[in-house]
Amino acid sequence: MTRGQAHTMEGIVAGLLLLSAMVFALQMTAVTPLTASTSSQHIENQQQAAAEGVLATAGETGALRRAVLYWNDTDGAFHGAENLSYYTNGPPPNEFGEILDRTFERRGVAYNVYVTFLGVGDDYRDRRMVYQGVPSDNAVQASYTVTLADDASIYDDDETKNATLTVSNATSFYAQDTGADSSLFNVVRVEVIAWRI
Amino acid sequence: MEAPAGRDARNQEGVPGDTASSATGKRAQTTLDFAVGISIFLLLVGFVFVFAPGFLDPFTTGPVEETVAVNRVADELTLDLLGGPAEGYVLEDDCTAAFFDDRSPGHCRFSGATLNERVGLAPRHNVNVTVSGNVTEPPSGNRILCWDDGADELFEVGSGSCGSAVTLAAGPNPVDEAETVTAHRTVALDGTDVTLEVEMW
């Protein structure tokens, strides 16, 4: 009677050892089919390059500067985003938005666009330009800097310069004049965060 | 497999075992216990061998070499060869046209006689580079573009304006069975946004 179910116990213990060894080995790998992610390194690289390319292209053609200054001074919001003050369903209705649409929207990639600028008291503040939701863990980020002078014109909703309104005399423009004794108004950093949905 | 073996073992060793157990009363169900124990163990060994290779699948499939190379080629073209390191993702139009026209002028940053030499690939690699975009109003979708040197302007292939212009596509088309890897880059060319696509197999 002393050796009851010794072999069964041994079999179960050996099995547990095997299983725990396999589970341990699985922890070594970063991404497995069981990982809660739909991303892969190759796709992340593509999105990273796409985000950088969008900003560099828009910066080169001037579309980015127009998008940053695409401001409805009466309502204190970007043109076409008067309800929430940022765009949620679709890109901004300007050339920068068209580039975003061609690069991300048609390929099923979600993106947020933030504008970061120097606020009062030397702290950086950000403002949402496009907000489509909380990014996933595999989101990528790229940014581009636009310098605004005191006499930079605000753009109307048809993307033409407003004849009278500049960043200095606008009443509700989001950024402040950080260099009061210079012709520099503010330096804004446009940040694109993209992820696959 | 295990069940007959277990029964055999019982038949062969069972008789003396029974005698022993009835004599001493010390070895309860040893043979049955052994059969259950070994089956549990073998089942788990089988399970591990069936499932473990599946966990490694994402790392073993796909053309690994091309995946790395295609990104390197796309980055080099957009950040260095067709433009310049000072302004990434902004292409120079005459160098871009020369690249797709199979020429290597001295003032451009690439050299070599073939497409593979210009992008730094061994001759055994297959690569296809295209530039597509949308330059007509109203938008008609992404089409391969051509560069008219005389007019200094981009046109869409198929729009009828491409006549003697340089088609912005280089390299052979992929064969049907090939497993290809693609890299996309959004770049500025002639003041508009275009997509540069590198495909390798």
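Here is how names work: the chains are called A, B, and so on, in the same order as the sequence lines, proteins then strands, and each is numbered from 1. If you're wondering where the values come from, they're calculated on a predicted model, not measured in any experiment.
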Exercise. Measure the CG-CD distance between Leu189(B) and Glu60(A) for me, rounded to the nearest 0.5 Å.
Key: 10.5 Å
Quiz item: Under a 4.5 Å heavy-atom cut-off, does chain A meet the side chain of Asp193(B), its backbone, both or neither?
Solution: both
Quiz item: Around Arg125(A), counting heavy atoms of other residues, nucleotides and ligands shown, do more than 12 lie under 6.0 Å from its CZ?
Solution: no
Exercise. Can you tell which part of Thr61(A) gets under 4.5 Å to a heavy atom of chain B, answering side chain, backbone, both or neither?
Key: side chain
Self-check item: Side chain / backbone / both / neither for Glu10(A) at chain B, heavy atoms under 4.5 Å
Solution: neither
Quiz item: How would you list, in number order, the residues of residues 95-103 of chain A that have a heavy atom less than 4.5 Å from chain B?
Solution: Ile99(A), Arg102(A), Thr103(A)
Quiz item: Could you give the distance from CZ (Phe47(B)) to CE (Met22(A)), rounded to the nearest 0.5 Å?
Solution: 4.5 Å
Quiz item: Is a side-chain donor or acceptor of His42(A) paired with a backbone partner of Thr182(B) at a separation under 3.5 angstrom?
Solution: yes
Exercise. Any chance you could lay out the side chain to side chain contact (heavy atoms under 4.5 Å, CB included) test for Tyr89(B) and Val54(A), step after step, and finish with the verdict?
Key: CA-CA 9 Å; Tyr89(B) 302 106; Val54(A) 161; over 6 Å; no
Practice problem: Answer with side chain, backbone, both or neither: which region of Val194(B) has an atom nearer than 4.5 Å to a non-hydrogen atom of chain A? | Solution: neither
Quiz item: What part of Val90(B) gets closer than 4.5 Å to chain A, counting heavy atoms only: side chain, backbone, both or neither?
Solution: side chain
Quiz prompt | Closest non-hydrogen atom pair between Thr192(B) and Thr57(A), with its separation | solution = O-CG2, 4.3 Å
Practice problem: Evaluate the side-chain proximity of Glu52(A) to Thr186(B): yes if any heavy-atom separation is below 4.5 Å, no if none is. | Solution: no
Exercise. Start with the C-alpha distance between Gln46(A) and Asn71(B), add both sets of side-chain angles, then the distance that settles side chain to side chain contact (heavy atoms under 4.5 Å, CB included), and finish with yes or no.
Key: CA-CA 8 Å; Gln46(A) 302 313 301; Asn71(B) 269 310; 2.7 Å; yes
Self-check item: Residues forming a side-chain hydrogen bond (donor to acceptor under 3.5 Å, both in side chains) with Thr195(B), sequence neighbours excluded
Solution: none
Quiz prompt | Nearest non-hydrogen partners of Ala56(A) and Gly88(B), listed with the distance | solution = CB-O, 3.6 Å
Practice problem: Applying side chain to side chain contact (heavy atoms under 4.5 Å, CB included) between Thr8(A) and each of Ile38(B), Val36(B), Leu32(B), report the one that passes. | Solution: Val36(B)
